[in-house]
Protein chains: 2
Amino acid sequence: MNILDELERFEPFRKLSGRGKILLSQGVIRKECSRSTIALNKGQVVSGAYVVVSGRLRVFTLAPNGTEATLYFINPGETCVLALNCLFNDLLYPAWVQAEDNTVITLIPGAIYRRLFEQESTIQNMTVHALSTLVFRLMTELEQMHSSHQKQRLANFILLHASSQGLLQMTQQQIAHHLGTTREVIARLLREFVANGLVRTQRGSLAILDASSLQKLISFPG
Amino acid sequence: MNILDELERFEPFRKLSGRGKILLSQGVIRKECSRSTIALNKGQVVSGAYVVVSGRLRVFTLAPNGTEATLYFINPGETCVLALNCLFNDLLYPAWVQAEDNTVITLIPGAIYRRLFEQESTIQNMTVHALSTLVFRLMTELEQMHSSHQKQRLANFILLHASSQGLLQMTQQQIAHHLGTTREVIARLLREFVANGLVRTQRGSLAILDASSLQKLISFPG
DNA sequence: TTCCCTCTGTATCAGTTGTTACATATCCGG
DNA sequence: CCGGATATGTAACAACTGATACAGAGGGAA
């Protein structure tokens with residue numbers, strides 16, 4: 001299975017005309033990343049559009065004191081919009097990106113992507129849609145950040161990222177990174193959640209016991 | 001001077017072909033707003049693309065306790081990207097918008113805008129560029145929010161929004177709104193700035209005395 | 001001038017968060 | 001089963017922030 005076949009699993013690329021395929025084949029790169037392979041650093045020149053084939057990318061900022069904060073995730077079939085962004089505006093990449101285990105990405109060189117964008121309306125639509133989605137995620141995150149306490153944000157994060165069985169397989173350190181705080185703060189909040197019977201904690205994971213109370217907490221931090 | 005002439009002051013519209021103009025003329029609306037005319041409310045259905053002709057729009061979120069936080073401004077020639085966003089994704093508007101004094105906006109109905117987007121590459125480019133710019137602004141704001149204290153954010157805000165003479169004509173309440181905090185906090189921080197000779201405060205405005213020290217403060221909150 | 005409204009200055013207190021420091025627990029490999 | 005590495009639990013403190021309360025100060029209108 002070559003790169004183009006992989007790309008064609010995703011609708012915008014499946015719809016490409018023959019010319020699109022020819023364009024695409026010129027210099028598209030496939031990359032396999034393992035956890036902690038850093039895909040892109042802040043300030044780096046963006047060389048093309050990234051499309052996630054499998055796995056997941058995490059985009060985050062890094063404060064001077066070392067605490068991270070996740071901005072958003074990039075799932076299979078999605079492109080890194082920030083990279084698109086830089087591509088179209090000749091800007092340097094403004095954040096850090098890390099791959100989770102077994103992530104495969106393809107890199108479509110900038111020149112090719114720009115040509116595709118001009119000629120293929122499905123690529124145009126995908127681009128606009130991806131940008132729009134990101135704007136929405138960022139807005140939501142910003143709004144949460146300025147109107148919620150950590151307790152609310154944690155409750156929200158747990159509900160949002162837990163599996164359908166109510167299990168969240170993450171260390172407290174990882175959760176802390178996502179929320180832009182430290183492990184101790186997460187531990188303190190989780191202690192309170194546990195005391196109130198909202199969750200159960202184990203090493204490396206956490207189980208929701210009372211989802212509705214967690215939900216209420218988001219609106220009424222009481 | 002009719003609406004289309006006004007729109008043509010801005011490049012993307014100047015470049016429109018004859019057909020584009022015909023499309024544009026069908027139902028474009030001109031609106032004049034005075035301060036505190038609220039252009040758009042959270043949860044409202046977005047009826048079209050907004051282009052600012054003169055004046056300025058402010059987009060902000062509103063926390064349950066009533067504190068505002070400015071997300072970004074929309075200057076003449078720019079469009080409200082959030083509205084575009086909703087337009088292309090059939091979403092409800094996710095924030096509040098307020099006009100400053102003497103702001104004139106034009107409203108291009110959604111159906112027309114979508115057609116223009118499909119047929120006119122200048123409109124495509126404008127849309128992508130506007131979305132990209134917004135993504136960048138939001139990212140920057142988010143990063144600042146999670147890595148800076150109010151002191152740093154205030155110093156940054158003052159430097160960024162002061163006139164070339166170093167004058168910032170805003171009440172402390174307005175500044176507080178922009179940073180998502182309360183007036184008293186701003187007063188407390190400004191007191192410190194004044195004590196250190198960084199700024200001078202007057203009723204309704206504030207003058208920068210030592211820009212370079214303010215700049216240093218952003219990096220080293222000391 | 002005088003009244004009134006808005007804007008500013010200040011003090012104090014409570015709540016939240018980040019930091020430091022250390023104890024304990026769990027997992028994994030040898 | 002024994003260490004080392006990693007993850008968690010806990011306490012105590014400092015810093016920052018938001019909330020409350022009130023005292024002036026400035027500016028405009030009658």
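So that the names make sense, note that chain A is the first sequence line, chain B the second, and so on, each numbered from 1. On a predicted model such as this, the values are computed, not experimentally measured, just so you know.
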Can you measure L190(A) atom CG to dA25(C) atom P for me and round it to whole angstrom units?
19 Å

Are the side chains of T127(A) and L131(B) in contact, using a 4.5 Å heavy-atom criterion?
no

Under 4.0 Å between a side-chain N or O of Q150(A) and OP1 or OP2 of dG18(C)?
yes

To the nearest 0.5 Å, atom CD1 of I208(A) lies from atom CG of L214(A) at 6.0 Å

In whole Å, I'd like the distance from the CG atom of L154(A) to the P atom of dG18(C).
12 Å

For the aromatic rings, using the six-membered ring if either is Trp, is the centroid distance between F73(A) and H178(A) under 6.0 Å?
yes

Are the charged groups of R191(A) and E184(A) less than 4.0 angstrom apart, N to O?
no

Between P on dT26(C) and CD on Q173(A), what's the gap in Å once rounded to a whole number?
20 Å

Measure the distance from CZ on R191(B) to C1' on dT12(C) and round it to the nearest whole Å.
11 Å

Under 4.0 Å, heavy atoms only, any strand: does Q202(B) hit a base, just the sugar-phosphate, or nothing?
sugar-phosphate

Quick one: the side chain of R183(A) and the base of dG18(C), do they pair up donor-acceptor inside 3.5 Å?
no

Counting only side-chain nitrogens and oxygens, does R188(A) get under 4.0 Å of the OP1 or OP2 atom of dG18(C)?
no

Please determine whether a side-chain nitrogen or oxygen atom of T181(A) lies at a distance below 4.0 Å from atom OP1 or OP2 of dG18(C).
yes

Charged N-O contact under 4.0 Å between R56(A) and E78(A):
no

Expressed in angstrom and rounded to an integer, what is the separation of I186(A) atom CD1 from dG9(D) atom P?
12 Å

Would you mind classifying the nucleic acid contact of T182(A) as base, sugar-phosphate or nothing, using non-hydrogen atoms under 4.0 angstrom?
base

In whole Å, what is the span from the CZ atom of R153(A) to the P atom of dT17(C)?
10 Å

5'-most by nearest nucleotide on DNA chain C - S205(B) or E184(A)
S205(B)

Could you please name the option among dT10(C), dC16(D), dG18(C) that lies closest to any side-chain atom of H149(B)?
dC16(D)

Between Q172(A) and dG9(D), is there a side-chain N or O to OP1/OP2 distance below 4.0 Å?
yes

Whole Å only: how far is the CG atom of L179(B) from the P atom of dT17(D)?
11 Å

Taking N and O atoms by type only, does the side chain of R203(B) place a donor or acceptor under 3.5 Å from a partner on the base of dT6(C)?
yes

Give one of base, sugar-phosphate or nothing for T201(B), where a contact means two heavy atoms less than 4.0 Å apart.
sugar-phosphate

Toward the 5' end of DNA chain D, which comes first, V185(B) or A187(A), by nearest nucleotide?
A187(A)

Round to the nearest Å and state the distance from F193(B) atom CZ to dG9(C) atom C1'.
16 Å

